[in-house]
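To keep things clear, I will list the structure first and then write my remarks on it.
All figures in this text were calculated on a predicted structure; none of them were measured in a lab. In what follows, every chain begins at residue 1, and chains take the letters A, B, ... in the order their sequences are listed.
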Amino acid sequence: MTLHVENLTVHHGAIQALTNVSFDVKEGELTAVIGSNGAGKSTLLRTLSGLKSASNGTASWKGHNLLHGKAESHVRHGVAHVSEGKSVIPELTVEENLDLGALWRRNKNESASTKREVFDLFPRLEERRKQNTETLSGGERQMLAIGRALMSKPELLLLDEPSLGLAPLLVKQIFEAIVNVTKQYGLSVVLVEQNAMGALAIANSGIVLNLGTIATTGSAQELISNPAVRAAYLGY
Amino acid sequence: MHKLSNKVRILIFIVLGFLIYLLSNNVDELRVYQGAQVAVFVVGIASIILLTGYSGQVSLGQGALLGVGGYAAALSHLHWHLPIPATFAIAILAAAGAGALLGIAAARLSGPYLAGATLALAVGLPSIANQFTVLGGEQGLFFDVGFPPASFGEDFTQYKWFFWIASLATLIAIFWLQNVMRSRYGRTWKAIRGSEVAAELAGVNIARAKILAFTLSAGVAGLAGALLAMTIGTVSPSAFPLALSFSLLTGAVLSGVTTLGGVMIGAVTLVAIPEIVGTIVNRIGATEAVASNLPHIVVGTLLILTVVFVPNGPVEQMRSRRLKKGSSL
Amino acid sequence: MFQLLNTLLIGITSGAIYALMALSIVLVWRSTRVINFAQAGQALTSTFIGFQTLKYVDSFWVALAVAMIAGAAISALIEITLMRVLLKHSSSGAIAGVAPIIATLGLLEVIQATITLIWGGADSLITPPLSNTGFTIGTNTLVFSPMKLAIIAIVGILLVLLSLIVQKTSIGLSLRAAAFSPELARLAGVRVDAVRTAGWALSGATGAVAGLLLVANGNGAFSTASMEFSLLLISGFIAAVIGGLESLLGAVIGGLALGIITSFVLMYISDSLFFIAPFVILLLVLFIRPQGILGKKGGRRA
Amino acid sequence: MSTNNALLEAKDVNVAFGGLRALSGVNLTVNNHEVVGLIGPNGAGKTTMFNTICGIVTPDSGTLAFEGRDAGWPATDQLAKLGIARTLQGVGLFPELSVIENVMLGAQKFARTGLLSASFGLNTRDEKDLRDRAHYALERVYSASISANRAGSLSYPDSKRVAIARALVSHPKLLLLDEPAGGLGAQDIEWLNRLISDLSGEMSILIVEHHMDVVMSVCDRIYVLNFGEVISSGTPDFVRNDPAVITAYLGADA
């Protein structure tokens, strides 16, 4: 097991946001975490990337303890987190946002070739490399956020609602890009999504979170036809 | 929070007044004078507690408002020959007026902007005195409250007279402040400090509440200024330096800025530390430079430590510890 | 006409020094969202360290370099020992918003008392490295001297240098990222704490230059009780606010504007407005354009 | 849905943040004594709609009528006087104040005396009146036994109860509940359901909520927002079976 999470419990002040969450993600697999708002999906990712501290449990990536140390050190162990809401810095240019992701990497030649790959993957970003990020559309920002994460040469990618606020056509494009990236780099991915069917369609396996606990797990195929998925969103 | 009934509170204040009276008869001149200083600081600190501790606005220029009060008292005494209580009332009104103006500006600002604007005020306002001859320039104006009434006897000293006036004014001011802070106005300010949006939803007009806090706080500061002018006998730009603003803020933080309960702690500390440190320094025979600078280092360090480790002040710290232990009252 | 030129040149020179202080304040604000009121004390300390250096080395420029290094070290030390603890402890609670302001004021008091303890008493003198006698044009002598020219040049060079560091280097990119979005910077692997310390160090070095140039711009005399340093802090703060608190260029424009306006007010209206003029300018700016000249809307209620 | 019975009627509300359209052409009506739900996926514009009604966000266009009169877009601090009370997402209490003080703040509009009487301590009857009102409101959501506790020391469910009490104490005609069930356990949710049905006899209620069990069981009508537009509205049964809703929640291929 490469990502190993066991009995993870996290509090937001007095609220228990996650309770005894356990799951594993195998190398090269994409796991979708679905569930309605407030189910604890974002909290899960924020805890794994070191932005939030856990009250209990364990979480490790290839033996590296994810519950210890700061977010910036996890990046150096191959964990990249694209946080909710198009995680880019609007005050910086497109290229600066990308460069930021690779600042900690010593070998500047390797960083440059990674940037080349990101530009090949998202040609739109190269066209706008000198522009302020504020001028980008929602979809372009999401591409930039994923591109920034790729700049750190990650092995584990944590994606938080990449489809949020995007029109259906763009959602499709983003999901396709995620599939491409995953295959190309052999990444392990934890994909948190509201768009359950879209996410399960590209995932290997899925987890349904409900009020901070795991309601159901299974292969993506199983979950698509599972009434629990409907229940988590529609209440029946 | 325990709420005493008004009658009990009035009784407590009368008893306090009597104790102060007894005290003034049993200590030497220096202590009496220091007592008057403590009273001035208590009022000045209380004005910051109202403003910063309750409404959450910071003023680094409170000293300037004391100055407004001091000058107003001196002017009304010199030119209109008003009786002393009336000069105090003028001081309060003048400073409150200045505070209202400042409050209107302050309602638009917050955090560093407000701090910087009030800081600039503290530096700028005293120099206005040099602009108008009526304010007496660098020398300033005399403010002489006169001798104690002859009926108090031969032994009754001038300092003791200062102390009595200052103490009485302080008791009244604190009683009044307590009334206001315990009313819905105090509640409103504390609510704004907590969350402006939530307070607005509960029907609070934020700007109006902030301006009111600035106005009342300035009025109290004006009284402190008049009392300060009384104890030194003059008002001049140098009597209200930037350092005064900082001292009051320090006193407020040491007192615990969110409650009036500890206001004596800060005032006594401000008066006592220079003396205590001075005594120690003399005992170990350090130079005069050490004697005059060490108190500042001690006070500054104390301020930093308080802000970092007991930001709500010693009294609140004790109270919340008691609350955590389980007793709900 | 001649007086006009003189007034302008005086304004530009003192404005350049305000601009340095403003830069120093902006660097700290951008890295930690704190206005450091102790910066007046830090600048004065650095100036005294420069003064002390001059007793051993007979070069103003060496002293300036030493003062810059000392200023950077002091500033970094303050960030590591005080600010980190403070921001961790008092991020919530009744006075969370004002706690950093109060703490830096306490620090100012400690610094001021400490330097008075060390260098107090007599006035100190730093002989300006260049002549302060004005250039002559025909029969007229300008107030503008080689020293003033050097001051403007130094500020210009520093501004270019700082802009290059902030805009073109990776430490600058980290600085900007950490300022605008610490969380995303962390996620990108930026060691935000170290970057903040670097921001404070840069600020300390800039403040040291401001302090030494302030002294060199005058007759070279200064003391631990110098009112000029309190004024430097306030002018720097006002300049930073005029510039919008976020932008380096804004700080420089704010500083120059403040210097020139003040200079004209003093020359043509009354020289006793020295203390009150900056305050009036600040209030005008806050009322007319609360976000500063280059500031963006909505940043004011930070 | 526009009938004489309408308490709140928002018409053609448009809000944009920069280039992003947060609400476009939203029409929303709440009738007297009706419980209305406002649901939708993350970022659909639900909170923006609440903020617009509460004067926290100023819309680019649209009208708001309350009790049949054009209410303009009211200033936030005037809502209580108008008869609208709102709870905030999360808790929104003032942690430094005691529970009873928190609730008394909501009753401020009933205060009759001013600064002068407060100065002389002559406001005791007024204070007692506010205190009694607060006490009564607390009893409705909980036993009033926690009234002296500091709000910051309460458990999460208790804080939510107090927040509702603070809204109730102003006797609103319209109660806006922003995610009242968020973070609550099963027992507390049951309590919330009961409270809402109790209150619906006295006032109208508009709820933003993610917890579908709550929405489906307490609401008379539901509006579904997606991308800032109302994509469906009607009874709970109608909405949950509307294909547009299912697609919005589960994704394109559902």
Taking all atoms of both residues into account, what is the closest heavy-atom pair of [X] and [Y], and its distance?
X        : Y        : result
B:Arg187 : D:Leu130 : NH2-CD1, 3.4 Å
D:Phe120 : B:Asn179 : C-ND2, 3.8 Å
D:Asn123 : B:Ser183 : ND2-CB, 3.3 Å
D:Phe94  : B:Ser195 : CE2-O, 3.5 Å

Greatest number of heavy atom pairs closer than 4.5 Å to chain B - which of D:Leu93, D:Ile84, D:Asn102, D:Leu88: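 The residue among D:Leu93, D:Ile84, D:Asn102, D:Leu88 with the greatest pair count is D:Leu88.
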Do you know which of B:Val180, B:Ile10, B:Asn205 has the most heavy-atom pairs under 4.5 Å to chain D?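 Highest number of pairs under 4.5 Å: B:Asn205.
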Would you find a donor on one side and an acceptor on the other, under 3.5 Å apart, between the side chain of D:Asp77 and the backbone of B:Gly203?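 Flag not set: sc D:Asp77 to bb B:Gly203 has no pair under 3.5 Å.
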Heavy-atom donor-acceptor pair, B:Arg184 side chain to D:Thr113 backbone, under 3.5 Å: yes
Above 12 or not: heavy atoms from other molecules or residues under 6.0 Å from NZ of D:Lys81? no
Is it the case that over 12 heavy atoms from other parts of the model lie below 6.0 angstrom from the CZ atom of B:Phe175?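 Check passes, neighbour count above 12.
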Are the side chains of [Y] and [X] in contact, using a 4.5 Å heavy-atom criterion?
X        : Y        : result
D:Leu115 : B:Leu212 : yes
D:Gln78  : B:Glu200 : no
D:Glu101 : B:Lys190 : yes

Working to the nearest 0.5 Å, report the span between CG of B:Leu177 and OG of D:Ser119.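 Output value for this atom pair is 9.5 Å.
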For B:Thr258 and D:Glu96, run side chain to side chain donor-acceptor pair (under 3.5 Å): C-alpha distance rounded to whole Å, both residues' side-chain angles, the deciding distance at 0.1 Å, then the answer. CA-CA 9 Å; B:Thr258 53; D:Glu96 314 279 331; 5.9 Å; no
For a side chain to side chain contact (heavy atoms under 4.5 Å, CB included) check, start with the C-alpha distance between B:Val197 and D:Thr76, then their side-chain angles and the critical distance, and finish with the verdict. CA-CA 8 Å; B:Val197 173; D:Thr76 309; 5.8 Å; no
Cut-off 4.5 Å, heavy atoms of chain B, and the answer for D:Leu79 is side chain
